[in-house]
Amino acid sequence: MILEEIHARLTETLQSRVLALFGQAVDRIVLQAPPKLNMGDLATPVALELAKALKRKPREIAQQLADGMTLPLLVASVSVEGAGYLNFRLDRGAFTAAHLQSVMEPPAPSGTRVIVEHTNINPNKAAHIGHLRNSVLGDTYVRCAKWLGDRVETQNYIDDTGVQVADVVVAFEKLEQKTLADVEALIANPGDESFDYVCWNVYSQMAQHYAANPDALQWRRETLHRIEEGGNETAAMAATIARAIVHRHLKTMQRLDITYDLLPKESDIIALHFWDRAFELLKQSGAVVLEAEGKHAGCWVMKLDEAEEFAGMNEPDKILVRSNGTVTYTGKDIAYQLWKLGRLDRTFDYREFARAGEHIVWETTHDGTTDPRAPKFGGASRVVNVIDSRQSYLQKVVKEGVRQVAGEAAAEASIHFAYEMVALTPSTAKALGMELSEEDASRTYVEMSGRKGLGVKADDLLNWLQFNASEAVRNSLAKRAEPGEFKDGEDHAIAERVGKQVAIGALRYFMLRFGRNKVIAFDWEEALRFEGDSGPYLQYSTVRVQNIFAKMRKEGIDPRIDDRAVDDLTLNQGFTDDMWELVRLSAELPAAIRRAVDSLELSIVTQYLLELAQKFNSFYHKYPIRNEKDAAERQRRAVCAEVFRRTMVGALELLGIPVPERM
RNA sequence: GCGCCCGUAGCUCAGUUGGAUAGAGCGCUUGCCUCCGGAGCAAGAGGUCGCAGGUUCGAAUCCUGCCGGGCGCACCA
């Protein structure tokens with residue numbers, strides 16, 4: 001946090017100086033690292049900005065600001081550079097000593113209650129790579145927001161009454177003539193493939209059946225009706241299937257160290273009549289009206305033609321209640337969103353759904369009894385919904401509904417974390433058995449299709465990553481192990497363990513490294529690469545630095561990185577630019593996290609860590625530590641390495657990427 | 001038709017909210033394992049920042065208009 005303090009002090013000093021000297025108030029001072037190290041450590045173009053208003057030369061203004069300026073602690077000097085930049089140099093030794101003690105020290109907690117909703121996979125088939133992007137973005141956001149001091153509640157919404165679940169029920173009942181007992185037996189003993197994989201195929205068979213026999217859609221309508229009615233075998237089957245699949249999804253996500261606090265279920269939202277209450281509120285605020293005539297006659301619609309965002313649309317009005325009296329998805333979503341904001345005076349009951357170690361995953365219920373151990377859910381002052389950008393329009397409608405019922409502030413607190421879809425490169429699609437038209441084959445990507453059962457399943461990808469990574473670790477161990485180092489297949493156990501960690505690192509990094517509104521064209525070859533711009537590169541760099549200290553400990557060499565042993569003066573002499581760049585960059589982590597969370601652009605963090613790791617690897621080759629004879633020089637190098645180590649260990653935790661014992 | 005997103009090196013992408021000489025990874029060329037672990041490092045080639053105007057001290061970044069691609073705009077979820 002040391003750099004943030006310097007920023008704050010410099011900003012303050014400059015603002016008061018500009019006011020005193022030129023009578024100008026500047027609300028924001030841009031401070032950034034100059035392009036070249038010899039230009040200093042921090043630079044501001046404030047004089048360039050003032051030049052126009054003052055009608056004076058930028059360099060002149062900058063010089064006047066610099067002359068006689070009182071510099072904050074750890075800032076060594078100020079100078080005028082280039083066209084009129086005001087550049088500052090830091091006291092390298094003192095800064096490093098101070099930074100070493102505060103690496104990864106989080107900012108003061110905000111205590112803001114935040115709900116993050118992510119994953120939200122239809123509980124009717126196995127998770128695929130598109131879902132992984134959602135979950136990884138959501139989970140990483142949660143980790144970063146928590147570090148910044150927010151009190152975060154993670155929700156994974158379960159649509160257990162929708163068309164997708166119904167279609168699997170129809171397939172089992174009609175196509176395969178299975179009873180509830182048959183399905184229960186299948187769940188208990190799914191055979192070669194897990195139950196979510198079985199349903200993946202069943203679902204796509206059903207979709208194909210509908211395509212060939214449109215009359216079968218009648219089955220879907222009947223099934224949906226019976227599910228909503230409840231108290232029959234069909235409804236019981238739907239619930240059973242959904243639960244079993246959700247358990248599978250949680251298992252898959254747990255492989256990536258992703259978990260949840262609460263699983264709100266659509267069936268409970270219906271049973272507890274959340275919509276009825278939301279409907280009252282919407283009517284009271286005048287947000288919905290009953291259409292008497294026209295093509296929406298008999299429907300309750302939200303009028304959007306006056307809202308600026310929806311202007312110019314063909315059909316800006318959104319139906320919330322159909323003419324047959326049933327509620328649309330958007331309507332239910334408004335009710336749910338109001339609950340999350342604490343603006344719907346109804347709530348759920350809760351019970352334990354599953355455990356991940358000590359952590360309890362709760363689910364909603366509607367039976368009137370709540371487990372006394374359950375924490376308070378809902379009622380957040382910020383709600384972040386991780387939902388793919390194809391639903392941007394609907395999310396805007398939900399936000400508008402919230403605005404009309406609960407006001408501007410509540411609408412602004414409802415944040416759609418939008419991201420683009422994951423598609424497949426033509427070669428990967430082909431490998432999955434997708435038939436490509438000539439046109440498709442020439443595109444950069446083609447969409448997956450759940451209905452056709454064409455997509456890359458999350459567990460398959462993880463398995464492959466794990467397989468390849470374990471193989472790489474085995475090779476590396478075989479090459480580097482000292483004779484007799486491993487016995488009883490110990491090396492195989494390590495390869496398995498580390499392989500899992502590398503797979504997680506590779507996958508999570510891959511899902512984060514692209515900007516969120518970039519379509520990811522998934523390619524097997526690229527995803528399985530562990531070099532360069534990848535998670536394993538970060539892990540490798542961290543393992544490396546850990547190794548240096550492990551070796552020194554083993555050999556009884558004191559690296560003298562204990563905070564008290566670090567002496568500014570020793571550090572100051574002979575501090576090379578390479579070393580300094582590494583330390584200075586490592587101090588920018590908190591700023592990177594802040595920007596990432598504020599902009600919902602988590603690739604900022606992977607980008608930053610790649611650069612940091614590159615700086616370290618370069619440093620590593622140039623400045624051996626263990627073999628350095630001069631004690632002061634060795635300490636200087638060790639401190640730089642330690643600063644990097646602490647930064648990296650902390651940062652990888654925020655990305656959910658584990659640090660392997662060796663690679 | 002309307003709205004949102006994308007267009008930067010051969011390919012995949014960054015570019016810190018308008019700042020200094022546009023950067024990485026992959027691929028290609030050339031070096032580096034008696035030396036803390038080569039999943040690495042050093043160096044090189046590679047650019048009309050889609051096109052055309054505009055705004056200003058300054059534009060890949062902001063504004064306007066085009067061109068090309070994607071996604072939305074259900075009484076589906």
Side-chain angles (χ1 to χ4, degrees), chain A residues 30 32-36 39 43-45 48-49 51-52 57-58 81-85 122 159 161-164 266 295-296 298-299 301 309-316 318-324 326 328-330 332-333 388-394 396 418 420-421 423 425 443-445 447 469 472-473 475-476 479-480 502 513-515 517-521 523 525-526 529-534 536-537 539-541 543-545 547-552 555 588 591-592 595 599 603-604 606-608 610-611 614 617-628 637 641 662-663:
Chain A
V30 176
Q32 54 197 177
K36 286 273 195 277
M39 297 173 181
T44 176
L48 281 81
E49 286 162 23
K52 194 179 181 191
K57 290 180 180 155
E81 312 267 350
Y85 288 89
N122 269 307
D159 181 5
T161 61
V163 176
Q164 296 223 19
E266 174 150 293
K295 68 181 196 181
H296 292 162
C299 299
V301 306
E309 285 178 305
F310 303 93
M313 280 180 52
N314 265 348
E315 287 289 335
K318 177 71 198 169
I319 292 168
L320 297 189
V321 181
R322 304 181 186 100
S323 54
N324 68 5
T326 56
T328 61
Y329 165 81
T330 311
K332 281 181 274 195
D333 210 17
D388 107 63
S389 54
R390 281 174 290 195
Q391 295 201 43
S392 290
Y393 164 70
L394 286 173
K396 274 185 184 171
E420 272 293 349
M421 63 172 168
T425 59
R443 289 183 206 278
T444 48
Y445 59 83
E447 252 188 274
V473 177
N475 290 339
S476 143
K479 207 161 61 187
R480 290 160 182 163
V502 172
R513 61 181 264 236
F514 305 95
N517 37 25
K518 220 107 191 182
V519 174
I520 295 181
D523 187 74
E525 226 175 298
E526 196 195 337
R529 210 160 37 204
F530 298 152
E531 291 147 7
D533 186 5
S534 74
Y537 177 81
Q539 292 174 307
Y540 183 72
S541 311
V543 168
R544 242 184 181 172
V545 72
N547 227 328
I548 297 171
F549 292 113
K551 278 224 158 116
M552 287 174 92
E555 293 167 4
E588 286 176 21
R595 267 190 296 135
S599 63
S603 60
I604 288 172
T606 51
Q607 203 81 227
Y608 162 81
L610 174 68
E611 197 187 334
Q614 283 170 331
N617 275 317
S618 177
F619 164 86
Y620 171 90
H621 282 274
K622 224 162 164 179
Y623 302 96
I625 296 170
R626 253 178 63 218
N627 297 332
E628 174 55 42
R637 294 178 183 182
R662 53 189 299 171
M663 277 175 83

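Below, read A as the first sequence line, B as the second, and so on, with proteins coming before strands; counting in each chain starts at 1. Note that this is a predicted model, so its numbers are computed, not measured.
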Summary of protein contacts for nucleotides 12-23 of chain B, nucleotide by nucleotide, where a base hit scores B, a sugar-phosphate-only hit scores S (4.0 Å, heavy atoms) = SSS-S--BB---

If only side-chain N and O atoms of A:Arg443 are considered, is one of them under 4.0 Å from the OP1 or OP2 phosphate oxygen of B:rG70?
-> yes

Partner lookup for [N], please. Criteria are Watson-Crick or G-U wobble with both distances under 3.5 angstrom; report none if nothing qualifies.
N: B:rG47; result: none
N: B:rG31; result: B:rC41
N: B:rC26; result: B:rG10
N: B:rC2; result: B:rG72
N: B:rU64; result: B:rA52
N: B:rG18; result: none

Tell me what A:Ser476 touches on the nucleic acid: a base, only sugar-phosphate, or nothing, going by heavy atoms under 4.0 Å.
-> base

Could you tell me whether A:Asp159 contacts a base, only the sugar-phosphate backbone, or nothing, with contacts defined as non-hydrogen atoms closer than 4.0 Å?
-> sugar-phosphate

Residue [X], side-chain atoms from C-beta onward, closest of [options]:
X: A:Arg390; options: B:rG72, B:rC36, B:rA77; result: B:rG72
X: A:Gln391; options: B:rC75, B:rC36, B:rA77; result: B:rA77
X: A:Tyr393; options: B:rC36, B:rC73, B:rG70; result: B:rC73
X: A:Arg626; options: B:rC36, B:rA77, B:rA74; result: B:rC36

Spacing of the [atom1] atoms in [M] and [N] (rounded, Å):
N: B:rC67; M: B:rU48; atom1: P; result: 23 Å
N: B:rA24; M: B:rA45; atom1: P; result: 12 Å
N: B:rC62; M: B:rA20; atom1: P; result: 15 Å
N: B:rA43; M: B:rG7; atom1: C1'; result: 32 Å
N: B:rG23; M: B:rA77; atom1: C1'; result: 43 Å
N: B:rG1; M: B:rA14; atom1: C1'; result: 36 Å
N: B:rA22; M: B:rA59; atom1: P; result: 13 Å
N: B:rG15; M: B:rA52; atom1: C1'; result: 24 Å

Nearest heavy-atom contact between A:Ala521 and A:Thr444 is CB-O, 3.9 Å

How many Å lie between [atom1] on [X] and [atom2] on [N], as a whole number?
X: A:Tyr623; N: B:rC36; atom1: OH; atom2: P; answer: 18 Å
X: A:Tyr329; N: B:rA74; atom1: OH; atom2: C1'; answer: 14 Å
X: A:Lys551; N: B:rC35; atom1: NZ; atom2: C1'; answer: 12 Å
X: A:Leu394; N: B:rA77; atom1: CG; atom2: P; answer: 10 Å
X: A:Glu525; N: B:rC26; atom1: CD; atom2: P; answer: 14 Å
X: A:Glu266; N: B:rA77; atom1: CD; atom2: P; answer: 8 Å
X: A:Leu320; N: B:rA77; atom1: CG; atom2: C1'; answer: 14 Å
X: A:Arg662; N: B:rC36; atom1: CZ; atom2: P; answer: 15 Å

Per the glycosidic torsion and the 90° limit around 0, nucleotide B:rC66 is anti

Is the glycosidic angle of B:rU48 within 90° of 0, making it syn, or outside that range, making it anti?
-> anti

Would you tell me whether A:Tyr537 and A:Asn617 have side-chain atoms, one donor and one acceptor, within less than 3.5 Å of each other?
-> yes

If you draw a 6.0 Å radius around CD in A:Glu525, do more than 12 non-hydrogen atoms from other residues or ligands fall strictly inside?
-> no

Per nearest nucleotide of RNA chain B, the residue lying toward the 5' end, A:Asn324 or A:Pro58, is A:Pro58

Between A:Asn627 and A:Ser389, whichever has its closest RNA chain B nucleotide further toward 5' is A:Asn627

What distance do A:Gln391 atom CD and A:Asp333 atom CG have between them, rounded to the nearest 0.5 Å?
-> 8.0 Å

To the nearest 0.5 Å, tell me how far A:Tyr608 OH sits from A:Arg595 CZ.
-> 10.0 Å

Are A:Leu610 and A:Arg513 close enough that some pair of their side-chain heavy atoms sits under 4.5 Å apart?
-> no

Looking at A:Arg390 and A:Glu447, does any basic side-chain N land under 4.0 Å from a carboxylate oxygen?
-> yes

Any donor-acceptor pair under 3.5 Å between the side chain of A:Ser323 and the base of B:rC75?
-> yes

N/O-N/O pairs, protein side and nucleotides 40-42 of chain B side, under 3.5 Å:
| unit_1 | atom_1 | unit_2 | atom_2 | d |
| --- | --- | --- | --- | --- |
| B:rG40 | OP1 | A:Gly532 | N | 3.1 |
| B:rG40 | O2' | A:Arg544 | NH1 | 2.7 |
| B:rG40 | O2' | A:Arg544 | NH2 | 3.3 |
| B:rG40 | O2' | A:His621 | NE2 | 2.8 |
| B:rC41 | OP1 | A:Tyr537 | OH | 2.6 |
| B:rC41 | O4' | A:His621 | NE2 | 3.1 |
| B:rA42 | OP1 | A:Ser618 | OG | 3.0 |

